[in-house]
Amino acid sequence: MDKLGQLNQQLVNDIEKAATLQEVEDLRISALGKKGTLTLLMKDLGQMSPDERRVMGAELNALKDVLSAALDQRKAQLANEVLASRLASETLDVSLPPRPSPSGKVHPLSHVLDQAIHIFGQMGFALAEGPDIEEDFYNFTALNIPPEHPARQEQDTFYLPVASDGQPLVLRTHTSPVQIRTMQNTPPPLRIIAPGRTYRSDDLDATHAPMFHQIEGLVIDKQTHMGHLKGCLEEFCRLFFEDPELKLRFRPGYFPFTEPSAEVDILWNNTTWLEILGCGMVHPNVLQNCGIDPAIYQGFAFGMGLERITMLKYGIEDLRLIYESDLRWLNHYGFAPEARE
Ligand code: DAH
């Protein structure tokens, strides 16, 4: 074997023995790199006679092809081995439990609203909505609260600039205007609840806030009476507070839009009566204001504070905490998202 042949054999042996991709690469550089053995031999071709060059050139090119093929082959072999060993070692155990991922909590107010919608929904109540910015007419006048009525002052209204069509506007002081909007738009019988934000010019303290939430209820039908009102609210309170024995007390009260009116207390821990809502039979004037004949239809209505029942049910002592968005508080008082009904 000539010198070139020996060199060739030596390089091919080395390549076949290379144990890593790096070793293959090093061998490629040492033979075919800028200063590689074969590259230098090719450079010498320039000093040879044309005849010598033809013979040597052909031989060197053939050698280069052999080496390139050997390098490629070994490279592919090693890459396959690397892949095979990774596939063997990096198995995925699909039976392992997932890592716990931090999840957000549902605010107690949203949770209570979900519960109320669910309970009333089962009793056949549909959801109704109205605007936060309300016309004076819907917030007061149509609810049998004339302009000079003291109830307007009692409610500490936020007044807004008069609308372009001359309508006086307010931030609604209660959800009761949704009663009017619903009665005007939908013929009876009716059975709705209307949850939403309400506003009063109060200071923020442990029991008051300038913005809070109410849930309004309205039932209009041909034979509705106080017994239905009591039964409905009793059912709701017992389901909501998860106490089938919960005692309710209906105290005579006054609201311009209901007659008779009552305030409802629940007996808390069998010791204290706590007021939780206002209610009554819809005043005939209110029905008339909405184009409903009070000789044919009667109904009942109620309104309760969402914050109030949330604080009672979950033992939240200070109203301000509900609005503070303190994540530590939310983690403690909030509910897992899957608990949403
Ligand atoms: N709107 C009353 C309030 O904000 C609550 C209320 C009382 C609503 C009696 C009613 C009702 O629908 O019948 O204080």
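A quick note: this is a predicted structure, and the numbers were derived from the prediction, not measured. Order of appearance sets the numbers: ligands from 1, and atoms from 1 within every ligand.
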Looking only at N/O atoms, are T173 and ligand 1 under 3.5 Å apart anywhere?
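In fact, backbone or side chain, T173 has no N or O that close.
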
Between F257 and ligand 1, is there a nitrogen or oxygen pair with a distance under 3.5 Å?
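Looking only at distances, the answer is no, because the N/O contact criterion of under 3.5 Å is not met.
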
Salt-bridged, [X] to [Y], with N to O below 4.0 Å?
{"X": "R251", "Y": "D265", "result": "yes"}
{"X": "R172", "Y": "D132", "result": "yes"}
{"X": "E234", "Y": "K230", "result": "no"}

Counting from 1, what ligand 1 atoms have a heavy atom of [X] closer than 4.0 Å?
{"X": "A301", "value": "12 (O), 13 (O)"}
{"X": "F255", "value": "7 (C), 9 (C)"}
{"X": "Q214", "value": "3 (C), 4 (O)"}
{"X": "S176", "value": "1 (N), 8 (C)"}
{"X": "Q179", "value": "12 (O)"}
{"X": "G280", "value": "13 (O)"}
{"X": "G303", "value": "6 (C), 8 (C), 10 (C), 12 (O)"}
{"X": "T258", "value": "13 (O)"}

Does ligand 1 have a heavy atom under 4.0 Å from the side chain of R200, from its backbone, from both, or from neither?
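For R200, only side-chain atoms sit under 4.0 Å from ligand 1.
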
Region of C279 that comes within reach of ligand 1 [heavy atoms, distance under 4.0 Å]:
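Within the 4.0 Å criterion, C279 contacts ligand 1 through backbone atoms alone.
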
Should the ring pair F120 and F125 be called parallel, tilted or perpendicular, given that the plane angle runs from 0 to 90° and is split at 30 and 60?
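Answer is perpendicular, since the angle exceeds 60°.
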
For the residue pair F335 and H111, categorise the inter-ring angle as parallel (less than 30°), tilted (30 to 60°) or perpendicular (more than 60°).
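F335 and H111: parallel rings.
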
With F240, which of L246, V112, I266, I276 fulfils side-chain contact (heavy atoms from CB on, under 4.5 Å)?
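Only one option passes, and that is V112.
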
Under 4.0 Å, counting heavy atoms only: does H283 come that close to any atom of ligand 1?
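It does not; every heavy atom stays at 4.0 Å or beyond.
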
